[in-house]
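Notes to accompany the following structure.
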Amino acid sequence: QKEVEQDPGPLSVPEGAIVSLNCTYSNSAFQYFMWYRQYSRKGPELLMYTYSSGNKEDGRFTAQVDKSSKYISLFIRDSQPSDSATYLCAMSSGNTGKLIFGQGTTLQVKP
Amino acid sequence: GAVVSQHPSRVICKSGTSVKIECRSLDFQATTMFWYRQFPKQSLMLMATSNEGSKATYEQGVEKDKFLINHASLTLSTLTVTSAHPEDSSFYICSARKTGQGTGELFFGEGSRLTVL
């Protein structure tokens, strides 16, 4: 069993839709949770960073962490074609920068 | 925002040769850098943790003699793929953590695509 599970998709939605992306994990020691966006052949770009449980909102993006269920989510409101990319969840048990990534979900937002 | 530069972005080499990839933090100091490998449609797999002035820490299953890492300054780490073979062809990505900061201050390079013929 992988430490972090993420459905690779692809996920295709119409422009303006609400997108829900999710990851589950098995290591209860994870305390730091990140969502990255990666465009084709580029490095990951940090979207959201959350410590421990709870919600965090930044513009059209909302990250949720439920440590009791070992489940994290990223919601994208009013999705745009420019949001089309691969979204990677990542986690860490310490504040060291050593991350464990999910497989990534490919999202396509159609105009 | 902080910038991490990787060079080269693309490299093609013959089997048996060695290739060096550089990772630079352009506007901040990074005591710790990380090297990842990513296969097509796969996740990033951590290869090693690079610490300035000391030996790198490799993840299980990563050959340290094949993937040489040097972190000689607070702004530069290098990954050398020695005696490269076609199975080493991959996308290599580095990340740099700002000195004194935690996981939230971690920045990724644009990646280097290695093709071994």
Side-chain angles (χ1 to χ4, degrees), chain A residues 1-11 21 23-25 27 29-52 54 56 58 63 65 72 85-108, chain B residues 1-10 21 23-25 28 30-52 56-60 77 90-115:
Chain A
Q1 182 188 8
K2 293 180 182 178
E3 278 193 286
V4 180
E5 297 276 1
Q6 183 177 8
D7 186 340
L11 179 62
L21 304 167
C23 288
T24 58
Y25 62 95
N27 188 345
F30 287 145
Q31 296 280 351
Y32 301 86
F33 304 91
M34 278 70 64
W35 285 96
Y36 287 86
R37 178 173 62 197
Q38 186 179 26
Y39 292 110
S40 181
R41 302 183 181 185
K42 297 290 186 180
E45 170 194 10
L46 180 65
L47 285 176
M48 300 291 283
Y49 165 66
T50 309
Y51 171 70
S52 195
K56 188 171 185 180
D58 184 1
V65 174
I72 70 170
T86 296
Y87 290 80
L88 297 148
C89 63
M91 306 177 191
S92 176
S93 57
N95 198 22
T96 61
K98 183 176 175 179
L99 303 179
I100 306 299
F101 281 86
Q103 186 175 350
T105 300
T106 299
L107 170 67
Q108 184 180 20
Chain B
V3 178
V4 176
S5 173
Q6 274 187 249
H7 178 79
S9 57
R10 291 173 180 263
I21 300 170
C23 178
R24 292 182 184 271
S25 55
F28 65 96
T31 306
T32 304
M33 293 184 176
F34 302 88
W35 286 96
Y36 292 84
R37 185 174 180 176
Q38 187 178 31
F39 290 106
K41 300 188 185 299
Q42 298 288 320
S43 184
L44 280 74
M45 299 299 295
L46 180 64
M47 299 174 65
T49 302
S50 170
N51 295 298
E52 186 267 339
T57 303
Y58 290 82
E59 295 299 304
Q60 189 174 7
S77 176
S90 189
F91 195 50
Y92 292 89
I93 305 175
C94 71
S95 66
R97 182 167 64 94
K98 282 186 175 181
T99 297
Q101 301 298 317
T103 298
E105 294 292 323
L106 186 67
F107 303 92
F108 282 82
E110 290 288 277
S112 299
R113 185 164 300 282
L114 170 63
T115 302

Nearest heavy-atom pair of A/Gln38 and B/Phe91: which atoms, and what distance?
-> NE2-CE2, 4.1 Å

Got more than 12 heavy atoms from elsewhere within 6.0 Å of NZ, B/Lys98?
-> yes

By side-chain hydrogen bond (donor to acceptor under 3.5 Å, both in side chains) - contacts of B/Ser95 (at least two apart) = none

Using non-hydrogen atoms only, which part of B/Gln6 is less than 4.5 Å away from chain A: side chain, backbone, both, or neither?
-> neither

Under the side-chain hydrogen bond (donor to acceptor under 3.5 Å, both in side chains) test, residues paired with A/Glu5 that sit two or more places apart | none

Nearest non-hydrogen partners of B/Phe108 and A/Leu99, listed with the distance | CZ-CD1, 4.2 Å

4.5 Å side-chain heavy-atom contact, A/Phe101 and B/Leu46 | no

In this structure, CD of B/Gln42 is separated from OG1 of A/Thr86 (nearest 0.5 Å) by 11.5 Å

Does A/Leu46 reach the side chain of B/Leu106, with side-chain heavy atoms less than 4.5 Å apart?
-> no

Which atoms of A/Pro8 come close to chain B, meaning under 4.5 Å heavy atom to heavy atom: side chain ones, backbone ones, both, or neither?
-> neither

Tell me, side chain or backbone of B/Ile93 under 4.5 Å from chain A's heavy atoms, or both, or neither?
-> side chain

Any chance you could lay out the side-chain contact (heavy atoms from CB on, under 4.5 Å) test for B/Glu59 and A/Lys98, step after step, and finish with the verdict?
-> CA-CA 11 Å; B/Glu59 295 299 304; A/Lys98 183 176 175 179; 3.1 Å; yes

How about A/Arg41 and B/Arg10: do any of their side-chain heavy atoms sit closer than 4.5 Å?
-> yes

Region of A/Glu45 in contact with chain B, defined by heavy-atom distances below 4.5 Å | neither

